[in-house]
Amino acid sequence: MVPHLKSIQSLLYRLITAPSGVGEGLAAERGLPAGGLESVIRGDDRLSAQDRVDIYANMYFYRLLEVMKEDYSATAEVLGEVNFHNLITGYLLEYPPTEPSVMWAGRHLADFLRDHPLSEEFPFVADLATLERATIDVFCAADAPVLEAAEMNSIPARRWAAVRMRRVPASAILQVQWKVADVLRAVEEKRRWTQPSRVSNRILVWRRHSRVSYREIGSGEAEALTALDRSRAFAEVCEMLARDLPDNTAAGEISRLLAQWLADGLIMRSSAMRRRALPHPAS
Amino acid sequence: MRRSDFPFLGFGVGLRRPHYAHVLENRPPMDWFEVISENFMVAGGRPLEILAAVRDRYPIVMHGVSLSIGSADPLNRRYLSELRAMAKRFEPAWISDHLCWTGVGGRNLHDLLPLPYTEEVVRHVSRRIRVVQDFLERPILIENVSSYMTFRESRLAEWEFLRAVAEEADCGILLDINNVFVSAFNHRFSAEEYIDAIPVERVVQYHLAGHTDCGTHLLDTHDHPVCEEVWALYARAVRRFGAVSALIEWDDNIPEFSVLVQTAERARQIYRGAIGAKAAGDGSSSEIHSEPAL
Ligand SMILES: [Fe+2]
């Protein structure tokens with residue numbers, strides 16, 4: 001039973017996902033029963049068997065095209081309708097959806113774009129797609145308790161060096177070759193986007209109170225935030241940041257960055273802090 | 001599975017993104033919400049915050065689109081685990097998915113495709129529903145889908161297939177009235193005969209939605225108001241099935257929340273009208289199993 005069901009479902013899957021339509025998909029089929037598709041699917045005076053499978057083929061492509069347009073609205077705007085349509089046709093062949101949620105369907109688009117001919121005409125577009133994908137991933141990344149500035153300030157300064165820090169899961173640091181944050185911001189603000197300059201840069205994407213934001217960051221900050229993928233002592237973070245800073249400004253710059261990270265909700269409260277906070281004096 | 005194991009939730013609507021803010025800020029009166037399970041299978045962030053806040057104030061039902069119960073592929077255990085974890089956290093009144101397949105060979109078409117209606121497929125699907133119910137430790141509901149093709153090898157009518165699967169799996173039925181109407185047109189069968197053949201004790205929920213007339217076929221687009229023929233079919237169902245929770249689905253061209261409220265209210269009025277008519281006839285008011293009078 002299952003082998004028979006599998007062969008029918010596999011046939012329909014191939015026809016529905018055939019890049020040039022069900023007709024060409026059928027022409028490429030070997031081993032169709034005598035009588036062709038009509039011997040599997042019932043056609044009538046209104047719609048032939050092929051017309052009926054075509055309905056599913058159209059729904060498959062256009063549903064996913066819509067999802068991609070929503071997930072990659074800036075990439076779609078930069079490329080234009082025809083290019084984007086053709087891009088997604090090719091993408092779905094290379095990376096057909098496999099996950100239960102349609103939200104994962106577009107997760108490989110940036111990788112696909114890197115080797116795509118469209119990257120010759122739009123060399124920054126793979127970076128742009130990388131940034132758009134990061135905003136989606138950060139939007140639904142795991143929650144974590146955030147270390148607030150007030151709490152950090154309540155720790156005596158002499159103990160700061162030993163405070164363990166880690167970046168919240170809802171954040172990402174991207175290394176890109178084009179100034180694509182400007183393009184995404186322009187599209188989001190419904191302004192005209194302009195060709196970005198080719199400058200290696202790093203973008204921090206993060207979530208605070210359900211809102212996803214992004215900004216360019218310097219190499220020292222990027223290095224320190226990347227290292228905070230795992231728990232580090234604050235002293236270690238300071239050392240990393242100080243490496244690229246002149247001695248006379250290092251202390252000021254480090255405290256400015258720390259204040260910014262805390263305001264952005266980038267640092268997790270360590271479990272040690274949570275334990276300390278538990279026995280509330282009022283309760 | 002007994003219908004009395006499921007609460008009567010009344011008249012609800014599908015929770016969709018354009019209405020999140022309104023629902024959270026204004027807490028509009030609404031009997032219940034249905035949510036698409038897969039939209040909340042994420043690690044954290046806003047989707048789960050919203051679901052938790054909605055669940056605090058309203059009953060919810062989890063409606064899935066990727067169980068792929070009719071696929072020749074093995075069941076996706078990772079998906080089932082996520083579903084179970086979500087149900088543990090949000091305590092839905094029940095869990096439902098579709099009588100269809102959505103992919104094969106590890107690929108997902110993100111669409112609800114019909115099955116050949118044969119005894120063999122009845123056994124295949126009902127065995128899998130039993131596995132899912134054991135895993136989730138609760139009976140589930142299966143929904144009839146809109147379809148655009150039928151298989152030459154089918155030996156059962158769609159309603160016979162639905163009934164046989166539900167009985168062999170001992171699961172509930174989510175009867176989508178619009179899907180009955182759409183498929184009846186597309187495959188030239190009688191929607192009334194379909195409704196009248198569904199076992200009363202298995203129907204736990206209805207879906208009501210709009211579709212698009214493409215001339216040669218009707219397309220289940222959920223982007224229009226519920227049409228008059230579907231309302232008439234719903235009235236017939238209410239007279240047959242009695243106290244069954246109803247839900248308005250609207251997924252595209254989503255109108256103001258107030259339009260959804262009005263649509264749910266119309267479903268309530270039709271229900272009350274049928275209950276009243278029945279109660280006036282024989283004195284009972286809860287379960288109505290009489291023959292349709294339309
Ligand atoms: Fe439905």
Side-chain angles (χ1 to χ4, degrees), chain A residues 1-14 16-17 33 35 37-47 49 51-60 63-64 66-67 96-105 137-144 168-170 207 209-212, chain B residues 36-50 64-68 70-74 76 78-79 82-83 101-111 113-116 118-121 123-124 147-154 186-188 214-217 219-221 252:
Chain A
M1 157 63 220
V2 175
H4 172 64
L5 189 62
K6 191 172 185 93
S7 77
I8 290 189
Q9 292 180 343
S10 302
L11 167 67
L12 286 169
Y13 179 86
R14 288 194 300 275
I16 288 168
T17 57
L37 190 60
E38 294 278 347
S39 67
V40 181
I41 302 293
R42 198 179 289 279
D44 64 8
D45 54 317
R46 289 199 300 226
L47 294 163
D51 294 336
R52 289 173 182 271
V53 179
D54 246 332
I55 296 173
Y56 287 97
N58 276 321
M59 288 195 298
Y60 169 73
R63 174 175 294 122
L64 289 164
E66 280 310 306
V67 169
T98 56
E99 297 301 311
S101 170
V102 78
M103 124 183 34
W104 304 113
D137 292 341
V138 165
F139 178 74
C140 53
D143 301 308
V168 293
R207 186 179 82 214
H209 301 313
S210 333
R211 247 184 70 94
V212 175
Chain B
I36 303 296
S37 312
E38 288 79 1
N39 291 354
F40 299 91
M41 287 182 174
V42 291
R46 181 118 171 104
L48 293 176
E49 258 175 51
I50 288 163
V65 290
S66 283
L67 180 60
S68 204
S71 174
D73 277 0
N76 183 338
R78 189 162 48 94
Y79 172 80
E82 286 191 55
L83 201 59
W101 62 285
T102 62
V104 72
R107 309 274 172 82
N108 195 337
L109 288 165
H110 291 295
D111 202 353
L113 289 100
L115 290 156
T118 63
E119 291 296 344
E120 290 81 356
V121 178
R123 277 194 293 278
H124 173 68
S147 67
Y148 314 101
M149 59 186 180
T150 53
F151 294 87
R152 287 245 179 239
E153 67 192 82
S154 286
N186 292 344
H187 309 305
R188 294 188 161 104
C214 301
T216 50
H217 59 287
L219 207 55
D220 180 36
T221 44
D252 230 327

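The basis for the numbers below is simple: all heavy atoms, side chains too, and nothing from hydrogens, waters or symmetry mates. Since we're looking at a predicted model, the values are computed, not measured.
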Answer with side chain, backbone, both or neither: which region of [X] has an atom nearer than 4.5 Å to a non-hydrogen atom of chain A?
| X | answer |
| --- | --- |
| B/Asp111 | both |
| B/Ser147 | both |
| B/Leu115 | side chain |
| B/Arg78 | side chain |
| B/Leu219 | side chain |
| B/Ser68 | neither |

Could you give the distance from [atom1] ([X]) to [atom2] ([Y]), rounded to the nearest 0.5 Å?
| X | Y | atom1 | atom2 | result |
| --- | --- | --- | --- | --- |
| A/Arg52 | B/His187 | CZ | NE2 | 6.5 Å |
| A/Glu99 | B/Glu38 | CD | CD | 11.5 Å |
| B/Asp73 | A/Gln9 | CG | CD | 7.5 Å |
| A/His4 | B/Glu120 | NE2 | CD | 8.5 Å |
| A/Ile8 | B/Trp101 | CD1 | CH2 | 9.5 Å |

Practice task
Kindly give the heavy-atom pair with the smallest separation between B/Glu49 and A/Ser210, and that separation in Å.
Solution key: OE1-OG, 3.1 Å

Exercise for the section: Specify the closest pair of heavy atoms between A/Tyr60 and B/Asn108, including all atoms of both residues, with the distance to one decimal. Expected result: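 Looking at all heavy atoms of both residues, the shortest contact is CE1-O, 4.3 Å.
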
Practice task
Please look at A/Asp44 and chain B and tell me whether the side chain, the backbone, both or neither of the residue comes under 4.5 angstrom of a heavy atom of that chain.
Solution key: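 Interface part for A/Asp44: side chain.
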
